[in-house]
Amino acid sequence: MRDQPISILIPTGALGAGIDAQDIARGIRSGVDAIACDAGSTDSGAAYLSTAMSKVSRESIQHDLSILIPSASAAGIPLLIGSCGTSGTDRGVDWTCDVAMSVAKANGIRPTIARLYSEQDPSLIHEQLNEQLIHALPPSADLTHEAIDSCRHIVALMGVEPYIDALNQGADIILGGRTTDTAVIAALPIMKGVAPNLAWHAAKIAECGGLCCTNPLDGGVIVRFYDDSFTVEPLREANRATPQTVSAHMLYENSDPFRLIEPGGVLDVSSARYRAVNDSITRVDGSTWTTQPYTMKLEGAGGGEFQTVMLIGIRDPKILNSLEMFKERLLRDLEQRVITAIGLTAADFQLSLRLYGWNAVSGEKVPENVPAPREVGALLVITSSSQALSTRIAKTCNPYFFHFPLAATDELPTYAYPFSPAEIERGEVHAFHLNHVIETEIPLSLSRLSFAQY
Amino acid sequence: MPKLSKLCRHIRSKNAGPFWVTIDLFFHGSEQFEFYRKSPPLTEEKIADIYDTEAGNVKIFFVEDLHVVKISFPRPAPQGWYNERDMHGGQLFVPLLDIEVE
């Protein structure tokens, strides 16, 4: 029996989203053993992994760390942050560490900062592939050496072990590379002997902060671990964690609402029970954890193609009444002009014409009886092997895209374009190339720990 | 025959990682959930047809306690390909709103 529960404060679903100092102070006063949260995700696309750039501004990270670091330090509890810099590359860890050290210095404190890296050397991934230690996740095919080479950055998602190792070595603050959203929260409870089913289940529910409460935008949560159950409570008094909102979070961004695969095992919540302790706190028990051979998920992304875009607005009813025909003719004409004017083949470029207000989002053909919209925005997306070529194509398309008549004999119209110059260099197209797991007998073998020097 | 949008209080779609989409149908209550469950129009084959994916990869779950049906399937193309129109998959639920339930 524990005298006191092990308690973890999850201040936000994503570091940099905005943390309230009073929330944190109140949470710490209520008694917590660590602050843990995540700073990354694949949600916003492959660009952040491919470029190792943060989605969140340095100022936003600094704002949140300026509250968390002094608070954790004064309370004498560890601060664990996973997936630093959005994608959890080595650069993301170092960037976040730089902010953390400047915050520490500004507060006149010197916490021990552990940097946990999980970016992978491609040559080692090639070797592991040769040793048949890498397996595809559905719906992807087996990994190829070409796919590895197409990635600019490859990260492995860490489980709890590297965090426990860093805590055991005396870390006050752990800044982790790519980590499962849950592991950063589950690490300290598992280290303290909390049953893994409770630790992982609570971590999954709390990973997005207040998203498991009635007001998802209202601050974070605290999870408290008892002998056979855990509770979820909102950080802010006005918010509520109900059995409904807590259990529903298992659905969120999860392809399977009952099973969650983590490094070293699988959580099954199909027989979990969620009961109200009072109006705002929910108690949870009944999930199971089954140990499995240790695997870590790999994420890899790269670029290669470049896009230039142009936007026009149309409100002429004559065009709006014949949008499908207009779109088909315009696209065909533009493709033909690019081929003849620049001397490209159809395989050298792609034109995508998207009519916003008509069918740009679905891309599906619109049935004939649908009434004409009041306006449409036509976005022309040009993709090719270089930025210069995509822009050259845009400049070639420019006069036709802006003045294309419905019939060849019509007087030339001019559509409403909002910007000059009209073409916008959108940059590189980034894509995820890995959807695979790697087997490893030693959970620490794919991560590296180093302590920041002041 | 009621439409799915009438039986549900909320329908949403979102990526579940860059390679999967998941759709949650939140029914108003047990009555609507059970009505749907008697003869669910959204079979694996129907989903594959609507979303241009393989029926063998479609996963459908009935979450009784929440009166939720969850449907997950691989994205036709991974998130962020050059012709991406919905990076988060947040609008992919729309074709299901008018599905009729017998």
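Naming convention: chains lettered A, B, ... in sequence-line order (proteins, then strands); numbering from 1 in each chain.
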### Summary
Of the listed A:S270, A:G363, A:A47, the one with the largest count of heavy-atom pairs under 4.5 Å with chain B is A:G363
### Query
Does atom CD of B:E31 have more than 12 heavy-atom neighbours, drawn from other residues, nucleotides or ligands, at distances under 6.0 Å?
no
### Message
Between A:P243, A:A431, A:A301, A:P257, who has the most heavy-atom pairs with chain B when the cutoff is under 4.5 Å?
### Response
A:P257
### Query
Of the backbone (N, CA, C, O) and the side chain (C-beta and beyond), which part of A:L351 lies under 4.5 Å from a heavy atom of chain B, both, or neither?
neither
### Message
Using only atom types and a distance under 3.5 Å, with no angle test, would you say the side chain of B:Q79 pairs donor to acceptor with the backbone of A:A46?
### Response
no
### Query
Side chain, backbone, both or neither: which part of A:S247 has an atom under 4.5 Å from a heavy atom of chain B?
both
#### Entry: Greatest number of heavy atom pairs closer than 4.5 Å to chain A - which of B:D65, B:D24, B:V94
B:D24
### Query
With a 4.5 angstrom heavy-atom cut-off, which part of B:V21 approaches chain A: side chain, backbone, both or neither?
neither
#### Entry: CD-OG1 distance between A:E253 and B:T22, expressed to the nearest 0.5 angstrom
10.0 Å
### Message
For B:R85, I'd like to know if atom CZ has over 12 heavy atoms of other residues, nucleotides or ligands within 6.0 Å.
### Response
yes
### Message
Atom CD of residue position B:E100 - does it have more than 12 heavy atoms of other residues, nucleotides or ligands inside 6.0 Å?
### Response
yes
### Task
Could you grab the distance from atom CG of A:N254 to atom CH2 of B:W20, nearest 0.5 Å is fine?
12.0 Å
### Task
Applying ring pair (Phe, Tyr, Trp, His ring centres under 6.0 Å), name anything that partners A:H430, two or more places apart in sequence or on another chain.
none
### Contacting region of A:Q307 [heavy-atom separation from chain B under 4.5 Å]
side chain
### Query
Of all of A:P139, A:S362, A:S41, which one pairs up most often with chain B through heavy atoms under 4.5 Å apart?
A:P139
### Query
Checking A:S140 against chain B: side chain, backbone, both or neither under 4.5 Å from a heavy atom?
side chain
### Message
So which residue, B:N15, B:V63, B:L92, ends up with the most heavy-atom pairs under 4.5 Å with chain A?
### Response
B:V63
### Summary
Looking only at A:T42, A:V381, A:L137, the option with the highest number of non-hydrogen pairs under 4.5 Å against chain B is A:T42
## Note on the structure
Max heavy-atom pairs within cutoff under 4.5 Å with chain A, candidates B:D86, B:N57, B:N83, goes to B:N83
### Between B:E54, B:K59, B:Q91, the one whose heavy-atom pairs under 4.5 Å with chain A are most numerous
B:K59
#### Entry: Shortest non-hydrogen contact from A:E305 toward B:Y82
OE1-CB, 4.1 Å
### Query
Highest number of heavy-atom pairs under 4.5 Å with chain B: which of A:F432, A:F258, A:Y252?
A:F432
### Query
What do the steps show when you test A:L251 against B:R12 for side chain to side chain contact (heavy atoms under 4.5 Å, CB included), and what is the final call?
CA-CA 11 Å; A:L251 301 167; B:R12 69 182 181 190; 3.7 Å; yes
### Query
Atom CD of A:Q244 and atom CZ of B:F26: how far apart are they, to the nearest 0.5 Å?
8.0 Å
### Task
Output the distance between atom OG (A:S255) and atom CZ (B:F19), rounded to the nearest 0.5 Å.
13.0 Å
### Task
Find the distance between OG (A:S352) and CD (B:E84) and round it off to the nearest 0.5 Å.
11.0 Å
#### Entry: Options B:M87, B:H88, B:K70, B:K14, ranked by heavy-atom pairs under 4.5 Å with chain A, top entry
B:K70
### Among A:T383, A:N435, A:V429, residue most engaged with chain B (heavy-atom pairs, under 4.5 Å)
A:N435
